[in-house]
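Ligands are counted one by one from 1 in listed order, and the atoms in each one are counted from 1 as well. Counting begins at 1 with the first residue of the sequence. All heavy atoms count here, side chains included; hydrogens, waters and symmetry mates do not. None of the values given here were measured: they were computed from a predicted structure.
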Amino acid sequence: MFSKILIANRGEIACRVIDTARKLGVATVAVYSDADATARHVAMADEAVHIGGPRPSDSYLRGGAIIAAALATGAQAIHPGYGFLSENPDFVDAVEAAGLVFIGPSASAIRAMGLKDAAKALMETAGVPVVPGYHGDNQDGEHLAGAADTIGYPVLIKAVAGGGGKGMRLVERPGDFAAALESAQGEARTAFGNPAVLIEKYVSMPRHIEVQVFGDGTRAVHLYERDCSLQRRHQKVIEEAPAPGMTAEMRAAMGQAAVRAAEAIGYKGAGTIEFIVDGSEGLRPDRFWFMEMNTRLQVEHPVTEAITGIDLVEWQLRVASGEPLPAAQADLTITGHAFEARLYAEDVPAGFLPATGTLTHLHFPEGARADTGVRPGDTISPWYDPMIAKIITRGATRAIALSRLRAALEDTEVAGSVTNLSFLAALSRHEGFARGEVDTGLIGRDIDALTAAAAPDLAVQALAALGAAGLADGGGALTGFALWSPLLRTVALDGLTAGVEVLAPGHARVTIDGAVADCRLIAGGWWVNGRPSGARIVLTPGRVSVFGPGAFHFDLTDPLDRATQAAGGGLTLSPMPGLVKAVFVTAGQAVAAGDRLAVLEAMKMEHTLTAARDGTVAEVLAEAGSQVEAGVALIRLEEEE
Ligand code: ADP
Ligand code: ADP
Ligand code: MG
């Protein structure tokens, strides 16, 4: 076993790797950017090396600086995590040339799976079923359109260098093909520097089922499947293992195909074979096809750990240090069921825009596994993926694991940033999901119901008013009541006005719009109008939050004080933190309502900002290439006459 390793990543995955290294007695070196100097992964590691500016290209993507840090600290191996350099074969070559071990597959295995078209061709030869389609070299538009006709609509156009759902277009009719091809090629060229695409049959009632594999460079085993069908715009939201409705026959066929795929490229370490499955008539062994291989540890690996009892990072370290595969196929079994929900700093009502903020309050449930890279007080910065945590639950049956997931999401508390927590909670209560009827279209079909914000009821409003009046905090302490006196105050909360009247210690009456809530503190918990609320009141600067069930946040500032700068449409503000990719206008230029002003990119999306009205550009306040926070003015138009 190694005595010291360097982790070339940040966030939850860096912390996850450090946890296992520590368990194995392996010392750890973290690397960090300017934005992460006080991050959790830096605090957890035995040593940490600063590698540059906040932009990934100035730090976590600087292979040379990372290798230099490993050599300087005496680390023997580098764990890449996921994302960043994890699937970069040139980095693997450089690591090995420096005399260090890359904890992962060989550069040649990564290259073999790097482009989707070549990977599909290779898998076909290895006898692994691939999605019917065209994955050849001819990129001529007419030829590709002809291929689509032969395959039969609907078809999917995919960037061969694609990832993260980018460069992918669903085409339902031949008449839409040419335009979709052009936009997929354009997006692929910008995102990956490679416009090549492949054409695939669009599988109906698609389910995404992937198989975890693990190889020693010659032989491989599989650690069963994960179902990742709950997706929003091709991004996974909740994952589970095993797949609902899986049969022994289908599992054996998928497992064998995955092992064949891994062995065909001499795979070493942890990898995932992603299959698309036609779920229109249940799971059938002749209805799954290879989509792509991810040559790294996957975000959702914890659900596999939960059902197999295996620590995949431990296996990675053991195999990379020269040990044989820690278990044979016959020794691997599934016990129970597991779910993982990805908790993000995201503005769901605004269309799932990435958000930032300082996490003034953060609480994860007991009884669930929470993999996180942040602590209370830490900041979700605009530079990286806005993931806050992964919440993982396990149970003897799917129903038990799912009800634990619901409970865990209800017990999760975040203040200081908006999150997708309510969306995850709604999804965990979705009836079709509960029945195991999952497909990649589920979220899209029910998006309105899943994102409908629950309105706070009287009890929640009353408790928020108590918080605002300074009568309750944290776990419901008696702050205000200690200096009890019969007292009536008025508090303003997000446009609500509440009258709060203290009747006795631990007893208050709150009146909102004529409705009366009788609030009593009984054994540390709040009862409203004779019923236990189960709620917790949390005060953070400028806000009061009421948690569980649900999460409600109320601004204490008077909404009228908030600058409504954008009034009149003269100012275009950045709707989210992100990178200004392009600015299309200059001062003095006349624009019409709807004209493109600029493009903003945040993690996996591009947003075009358009003029709200006709006018003349007075000032361009942002330049292409600059990083901006949410709410920053980017373009100002001249005042209207
Ligand atoms: P999966 O592993 O299931 O394919 P995704 O593709 O959604 O999951 O997530 C991997 C992506 O997460 C990377 O491609 C990258 O965009 C992003 N990412 C990279 N590094 C990190 C990190 N340290 N923390 C969070 N997200 C990261
Ligand atoms: P990425 O590299 O962006 O992860 P994938 O090829 O893995 O791209 O596909 C991402 C998602 O797109 C899948 O999980 C699935 O939801 C959908 N998808 C991909 N291929 C097909 C297909 N042939 N038919 C239906 N859906 C598909
Ligand atoms: Mg994929």
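Tyr60 pairs with exactly one of Tyr384, Trp383, Phe91 by the ring pair (Phe, Tyr, Trp, His ring centres under 6.0 Å) rule, that one being Tyr384.
Atoms of ligand 2 lying under 4.0 Å from any heavy atom of Thr440, numbered from 1 in the order shown and given with element: 16 (O). The ligand atoms of ligand 2 that sit less than 4.0 angstrom from a heavy atom of Glu292 are 1 (P), 2 (O), 4 (O), 5 (P), 7 (O), 8 (O). Proximity to Glu274 (heavy-atom distance under 4.0 Å) selects the following atoms of ligand 2: 7 (O). For ligand 2, the atoms lying closer than 4.0 Å to a non-hydrogen atom of Lys158 are 6 (O), 19 (C), 20 (N). Residue Gly162 approaches ligand 2 through these ligand atoms, each under 4.0 Å from one of its heavy atoms: 2 (O).
The closest side-chain donor-acceptor pair between Arg226 and Gln212 falls under 3.5 angstrom.
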Audit row: Gln316, His79, side chain to side chain contact (heavy atoms under 4.5 Å, CB included) steps and yes/no: CA-CA 9 Å; Gln316 287 188 302; His79 193 301; 2.7 Å; yes

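Closest to the Mg ion (ligand 3) among the N, O or S atoms of Glu292 is OE2. Within Glu274, the N/O/S atom positioned nearest the Mg ion (ligand 3) carries the name OE1.
In this structure, His337 and Phe339 have tilted ring planes: the angle between them lies in the 30° to 60° band.
Within the structure, the ring-ring contact (aromatic ring centres under 6.0 Å, His included) test picks out the following pairs touching residues 191-220 (sequence neighbours left out): Phe214-Trp315. Among residues at least two apart or in separate chains, there is no ring-ring contact (aromatic ring centres under 6.0 Å, His included) pair with a member in residues 107-127.
Where the criterion is an N or O separation shorter than 3.5 Å, residue side chain and backbone included, Val131 fails it with respect to ligand 2. The shortest N or O to N or O distance between Val203 and ligand 2 is under 3.5 Å. Below 3.5 Å of separation, one finds an N or O of His208 facing an N or O of ligand 2. At least one N or O atom of Lys201 sits closer than 3.5 Å to an N or O atom of ligand 2. Distances between N or O atoms of Met168 and those of ligand 2 include no value under 3.5 Å.
The option from Cys228, Pro132, Gly165, Pro206 that lies nearest to atom 3 (O) of ligand 2, judged by heavy atoms, is Gly165.
Annotation: side chain of His301 is not in contact with side chain of Glu340 (no heavy-atom distance under 4.5 Å). By the 4.5 Å heavy-atom criterion applied to side chains, Tyr344 and Asp385 are counted as neighbours.
Ligand 2 lies less than 4.0 angstrom from a heavy atom belonging to Lys116.
Note that the OG atom of Ser86 and the CD1 atom of Ile13 stand 9.5 Å from one another [nearest 0.5 Å].
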